[in-house]
Amino acid sequence: MDFDLNEEQRMLAKTVADFCKQDSTVERFRKLRDADGDGWERRVWQQMGELGWLGVPFPERVGGFGGAFVDAALILEQFGRTLVPEPYLSCLVLGGYALLLGGSEEQQRRFLAPMVEGRSAVALGWAERRSRFDPSRVETSATRRGDGWHLEGEKIFVLDGHAADEVVVSARTDQGVGLFVVPGDAVDRQLLRLLDGRRGAHLRLDLDVGDDRRLSVQDGAEVLRRVLDYGAAATVAEGVGVAQSMLSRTVDYLGEREQFGVKIGSFQALQHRAVDMFVEVELLRSINMESIVRADEEGIERERAISAAKLQLADGGLQVARQAIQLHGGIGVTDEHDIGLFFKRMHVLATVGGDEAHHVARYAKRMD
Amino acid sequence: MDFDLNEEQRMLAKTVADFCKQDSTVERFRKLRDADGDGWERRVWQQMGELGWLGVPFPERVGGFGGAFVDAALILEQFGRTLVPEPYLSCLVLGGYALLLGGSEEQQRRFLAPMVEGRSAVALGWAERRSRFDPSRVETSATRRGDGWHLEGEKIFVLDGHAADEVVVSARTDQGVGLFVVPGDAVDRQLLRLLDGRRGAHLRLDLDVGDDRRLSVQDGAEVLRRVLDYGAAATVAEGVGVAQSMLSRTVDYLGEREQFGVKIGSFQALQHRAVDMFVEVELLRSINMESIVRADEEGIERERAISAAKLQLADGGLQVARQAIQLHGGIGVTDEHDIGLFFKRMHVLATVGGDEAHHVARYAKRMD
Amino acid sequence: MDLTFSAEDEAFRQEVRGWISGAMPPEMRAKAAANHHFSMPEIMQWHKILYAKGWVAPHWPKEYGGAGFTATQQFIFAEELERAGAPGLSPFGLVMVGPLIQRFGTDAQKARFLPKILSGEEVWCQGYSEPNAGSDLASLTTKAEDQGDHFLVNGSKTWTTYAQYADWIFCLVRTSHEGKKQAGISFLLIDMKSEGVEVKPMLTLGGTPAFCDTFFTNVKVPKDNLLGPLHGGWNLAKALLGHERTLVGSVGIVERGLRVARRIAAAQVGPDGRPLAQDPLFRAKLARLEMRLRAHRMANYRAVAVQAKGHHPGPESSILKLVGSVLTQKADELAMELMGHDQLSWLNDAGAVPEFERWVPSQYCYDRATTIYAGSNEIQKNIIAKLILGLPKQ
Amino acid sequence: MDLTFSAEDEAFRQEVRGWISGAMPPEMRAKAAANHHFSMPEIMQWHKILYAKGWVAPHWPKEYGGAGFTATQQFIFAEELERAGAPGLSPFGLVMVGPLIQRFGTDAQKARFLPKILSGEEVWCQGYSEPNAGSDLASLTTKAEDQGDHFLVNGSKTWTTYAQYADWIFCLVRTSHEGKKQAGISFLLIDMKSEGVEVKPMLTLGGTPAFCDTFFTNVKVPKDNLLGPLHGGWNLAKALLGHERTLVGSVGIVERGLRVARRIAAAQVGPDGRPLAQDPLFRAKLARLEMRLRAHRMANYRAVAVQAKGHHPGPESSILKLVGSVLTQKADELAMELMGHDQLSWLNDAGAVPEFERWVPSQYCYDRATTIYAGSNEIQKNIIAKLILGLPKQ
């Protein structure tokens, strides 16, 4: 048993941390949030590709480094600390793993390899109005038309779907749930602002695609379940960074802010609340490790670990976020102060990839 | 809208409070708990009858005062403050209302009137091993035998059933659930110590009773539901007294105990916990008022109010109890210190008449 | 003990309910039904409708143009307004400075200010907190220097909610540095159109433009605008905090939050394809919240009954703030959870999510403030520990 | 990162598991299976079985007769013991004073005391707290006066758990009133058979005879029984608190509690006539607790991994105590809730409730102590606030 990172991982985490500190501060996120554009920058995405960050968990045949999911998770944790806006979770993890697990080698080379280089972003559209968090509840249809397929239906809250070059979408065929890669600009996209200031889109599908855009896997629903587990684990990893930032910013604030002639951090009731936050962050860190290591595993222990991690994020992580606002007092509830940005990101992370109720129910089903 | 007691009620509460302070202190409860006897005293029960306390909610035809349940609840609240051990909840409320709602006038005169005088105690046996908190799940059987009935089955955790003169028990007849009055000494009783130091019994029934001992009501299950609602409301009323005692004892302790050269009540973290207790006690007091006033009503609002009160008892009340122990520190977890006696009583009250899950489920069913 | 409302009170409730449903303009009713946020202009529109009816100040005595409702009627009136989802009026004139002017103002001040508060002609905001004086209000530093015929005010105030719409601000200012810091504070009424007043609006966590910073640079304030005694402003401030607390604990707000949650539960499809309202776990969550609200409602009724007998609600009313604020947040949290993916939507145009859900995420975020404003819950707990429980000084 | 145990460690786990199941006497196994409370004589019986195997002191170095297990092996060993429901050994000799004697004792003290701690021939108890020195341990007043060749001890100690069975007690005593109050404390080993030692057992909230008050009246203690430097006992006490903390956070205890709850859920009939284990709400409760335990287990593994690399677990280990104690209580509370009416039964004879449930109410009550003993959770939070978060002094 060894919880330490290896030398390469330490180097990677350090490089990413430096990048976040220098090139992708919270201020950068805020600017992009408030500007009209996509909410993130192609330039930076490409830079990430050049640095190799978009290839860490993928095999060499698509230009990756053949690492494990853990490596991607390490990057996300650092991103969480300064709210890096690039679509790492939405595209690299969700879109990327959908292609990796669902696509033929040919399809991976065609759709995944460009993303690894930072030249493309591939989102994932799976949720529908009536699906809640179950990816097998698909009403979008895919019917044979000529050599290809006609897709018809709606996908909601496709994270970064507004700007993605391609979107992997699920659709019901007469043989179950299939996965299709549709060009982003070929579908009707309704731009959405998300709670945390990032963006996404509802997609209205009514188009034909060639058979080469149907991912080769048979059971698309099963692939989606795996992919959403990667996504869920990714939210927790990013959430560790977010929670850690909220804790340290709150502790700093308690040590600076004066009221009644003393630092408010000297009030015992507030100290104990800060400790409660610390405890939740440590538990989150701990279960995150199990979750990201097991993400690559087959079987029930993967699901259990990831669901437990999601609960800790949604329960403990949100407690941390809410307490951070409370301890910041009045300035915590202004849009001006950064702590609110973290609060909102945490809320989004807790929801994406299945909320608390979903994961508790899933775990309960899988108890002996 | 008026939450004040009327003159008579104020007098009654005052008299009962004085009695508790002088004649039925916590010390008395502890002695009776540790002694071999019944856990309470016939002498005192009779005295209560003479004082009229056993007749307050019952009609004049059985020697009562024709008051409302509220009056019995006021007495119980005072009893909770010093843990009076006499079977007021178990017999006067549960047994008494079963007779009142289920019996003919003749049966009321025969079985209820003596209890009103303090000459008898009538318990209620409704729970069975497979009933959980639903009184209509009855496996005990009542079959016609000659002019009377043969009862066969088991009743568990009959509160004060070990010492009761009579026990009202439910049994399934071919026409539904019937209620029967069985003489306490005619059944096989297994004495039980209860968590809070009081006593009860499992009853094994295998006896014949005359038809005059079958309560006249047709639908016994419906009567039991009403009676258990009175019981539930009674636990809340007593719980108000228990919670109030725990709060004031804890506040006193915080104001006396010194550590690190100061009163521990000066520590902000502990102060805020004491305030949390206070808030829960105030909510309990408030919903208790609705619960005891509505206990005599017909209809859904009675059930809603009583279930809401039980939730506040089981959730808020137990928080108060657990926090009281915690704030007492080491001495709180000895059997020697009185605070633990209140803790245990609170736990029992939270369970009797349906636990938290039962009442939440019942309320949920009755939501629009 | 009698927990029912009297026949007169019930009749009053029916009258109020009927009037509201007729008086709310259709667009306003539609927004209320869709659980939308009301802007300040809409709030003022409603203010004027209530004014025309004579009900804009239910708690003011008739002599000042108030409705002169009894304590019980006031409670019923508030419940019905919340129930209908009517816009919540700005409290700064009606609830805060108005009653203070009645109690501490000169006849001239009463005549000058009260009618225009009532009519809505003049909108007020509150200048209490400063960047370094939040919970520790008494350490404020905005100063008013006596210049003979006027005060010269310099400093800044924060959380001056809706200052961008305000004609007047009531301010706590420092007029002396002698004695305890509470002793040198005065209560000034300042015209927002005065030279040297500058307002910088900012967004709340809910994305709404409610908060402002307000800056005072050599602002001249006539001496007539001093409310109450010079250096005696702290007593006025304390009188006000009590009002604010009861206000925030409002049962109707939680009730509305719960209604929103239930409506969402009925519309959202659950994991088994049925509405979430049928799912045993979500149903239990809804039930628990409603049960808890029931206890809170009775606690409020108790406070109302005390007031109805002409007593002042003691510091006990602090618990109404504590409980009401937390329940408000819980209702929001549950509504969000019920929304599933829709909770991710932030103030998008119509069609992104069901209309009814559109403002919920904003409300959820904004309502983190309920445990902070009007005397943070930590401050309330300190007050209860000291004044009610009598615990030793920290 | 590699979160699996090595093949060697897994083999070790199998070996331990196999041995335990063979070594526990049948009556003990039956009691464990029925989730019964073990008395002190039964605990000592198990102590001697472990001693015979050489495993009674897994954390002691081999040179002192310990098993010399690695940190990981110790953790696995503890997990397996808890899993099997084996009696928990008395920690006072093995976990507390033993390691202190190894670290601070003279050779003579080591030779005198360690072998008999191992063998179980001599049972120890702890004399730390006093009626007025609980969380504020350093304010203790039991005094040891230097009488030339011996100390004369007067005073009393409380929470001297299982003192009625103990041959020796280790005590913090005041030997000086000079300087800070921590500076005048010494660490004494006292023979319980000494004249003037009196033990008054009392019951716990769980109805079990674990706690005692111990009184010292002119007790003569040879100078050889001073452990560590004179007036230097505080450092020993601090060294010990760390041990105790990690101990209490034990994952196995929570795991066992959860297993008890699940077994009850399988046996008790729910509101719909099916076992509670099938009820969605109870199932969700069980799941939440198990999920939370999973995070706690990983936090423990992290601490073990740090120790396995030869580092001392920092004050971070305080969180293991905080979380472990609360989860222990939650598991008890859930077990009680699942029991329905049976939770009302207090230590009745067989037949009153299913055997498996018999001790649950006692355990539930007793475990209110987990958040109090071994440095109350409030004290732990003060420590974390200061040492880890670096918050300003209160």
Side-chain angles (χ1 to χ4, degrees), chain B residues 127-134 137 156-157 159 190-200 202 257-262 264 267-270 273 314 318 321-322 325-337 339-341 343-344 347-348 350-352 355-358 360-362, chain D residues 129 131-139 158-159 181 202-208 211 268-273 276 279 281-282 285 329 333 336-349 351-354 361-362 364-373 376-378 381-382 394:
Chain B
E128 302 186 0
R129 209 115 286 293
R130 299 173 55 81
S131 65
R132 197 105 191 145
F133 295 108
D134 179 355
R137 292 234 298 264
I156 65 171
F157 291 100
L159 306 179
Q190 180 184 3
L191 175 70
L192 298 171
R193 275 188 310 273
L194 303 186
L195 173 60
D196 66 350
R198 300 212 264 188
R199 277 99 159 134
H202 291 338
R257 170 82 173 167
E258 286 191 17
Q259 292 278 276
F260 305 106
V262 295
I264 63 171
F267 291 119
Q268 193 191 31
L270 306 194
R273 304 255 210 97
L318 276 181
R322 288 169 184 155
I325 298 287
Q326 183 71 24
L327 292 177
H328 275 79
I331 58 159
V333 289
T334 63
D335 182 71
E336 271 184 9
H337 196 279
I339 199 75
L341 301 177
F343 168 82
K344 289 174 175 175
H347 188 94
V348 168
T351 305
V352 168
D355 69 356
E356 176 175 341
H358 170 77
V360 170
R362 183 170 90 155
Chain D
S129 298
N132 291 309
S135 287
D136 181 13
L137 189 55
S139 66
T158 189
W159 315 126
K181 59 188 181 178
M202 53 183 167
L203 296 180
T204 70
L205 198 59
T208 49
F211 299 154
Q268 283 280 352
V269 174
D272 58 359
L276 284 178
D279 180 274
L281 279 121
F282 281 103
K285 282 188 193 182
Q329 293 178 344
E333 289 163 18
M336 286 291 273
E337 189 187 353
L338 289 161
M339 280 165 67
H341 290 102
D342 291 349
Q343 71 192 287
L344 300 178
S345 175
W346 189 251
L347 303 177
N348 286 297
D349 296 340
V353 295
S362 163
Y364 160 77
C365 288
Y366 176 71
D367 280 347
R368 297 322 302 178
T370 58
T371 46
I372 295 171
Y373 60 49
S376 74
N377 285 21
E378 289 79 13
K381 288 186 182 183
N382 287 345
Q394 282 165 21

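Sequence lines set the chain letters: A, B, ... in the order given, protein chains first and strands last, and positions in each chain run from 1. Keep in mind it's a predicted model, so treat the numbers as computed, not measured.
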Structural part of [X] lying under 4.5 Å from a heavy atom of chain B:
X	value
Lys381(D)	neither
Leu276(D)	side chain
Asp342(D)	both
Gln268(D)	side chain
Leu344(D)	both
Asp367(D)	neither

Max heavy-atom pair count under 4.5 Å with chain D, selected residue of Asp134(B), Ile331(B), Asp196(B): Ile331(B)

Residue, of Ala350(B), Ala314(B), Gly330(B), that accumulates the most heavy atom pairs under 4.5 Å with chain D: Gly330(B)

Taking all non-hydrogen atoms of both residues, which atom of [X] and which atom of [Y] are closest, and how far apart?
X	Y	value
Gln259(B)	Gly134(D)	OE1-N, 3.0 Å
Phe260(B)	Ser135(D)	CZ-O, 3.4 Å
Leu192(B)	Ala352(D)	CD2-CB, 3.5 Å
Val333(B)	Phe211(D)	O-CE1, 3.2 Å
Arg132(B)	Phe282(D)	NH2-CZ, 4.1 Å
Leu205(D)	Ile325(B)	CD2-CD1, 4.1 Å

Of the backbone (N, CA, C, O) and the side chain (C-beta and beyond), which part of [X] lies under 4.5 Å from a heavy atom of chain D, both, or neither?
X	answer
Thr334(B)	both
Ile156(B)	side chain
Arg198(B)	neither
Ala357(B)	both

Option from Glu128(B), Arg137(B), Arg129(B) for which side-chain contact (heavy atoms from CB on, under 4.5 Å) with Val269(D) holds: Arg137(B)

How long is the gap from [atom1] on [X] to [atom2] on [Y], to the nearest 0.5 Å?
X	Y	atom1	atom2	result
Leu347(D)	Leu195(B)	CG	CG	9.5 Å
Ile264(B)	Asp136(D)	CD1	CG	11.0 Å
Arg322(B)	Glu333(D)	CZ	CD	3.5 Å
Met336(D)	Asp355(B)	CE	CG	11.0 Å
Arg368(D)	His328(B)	CZ	NE2	14.5 Å
His347(B)	Tyr364(D)	NE2	OH	4.5 Å

Minimum side-chain heavy-atom gap Trp346(D)-Val348(B) below 4.5 Å: no

4.5 Å side-chain heavy-atom contact, Asn132(D) and Arg257(B): yes

Most contacts with chain B, counted as non-hydrogen pairs under 4.5 angstrom, among Gly207(D), Gly270(D), Pro361(D): Gly270(D)

Largest heavy-atom contact set with chain B, pairs under 4.5 Å, which of Ser139(D), Ser129(D), Ala133(D): Ala133(D)

Side chains of Glu378(D) and Gln326(B), donor plus acceptor under 3.5 Å: yes

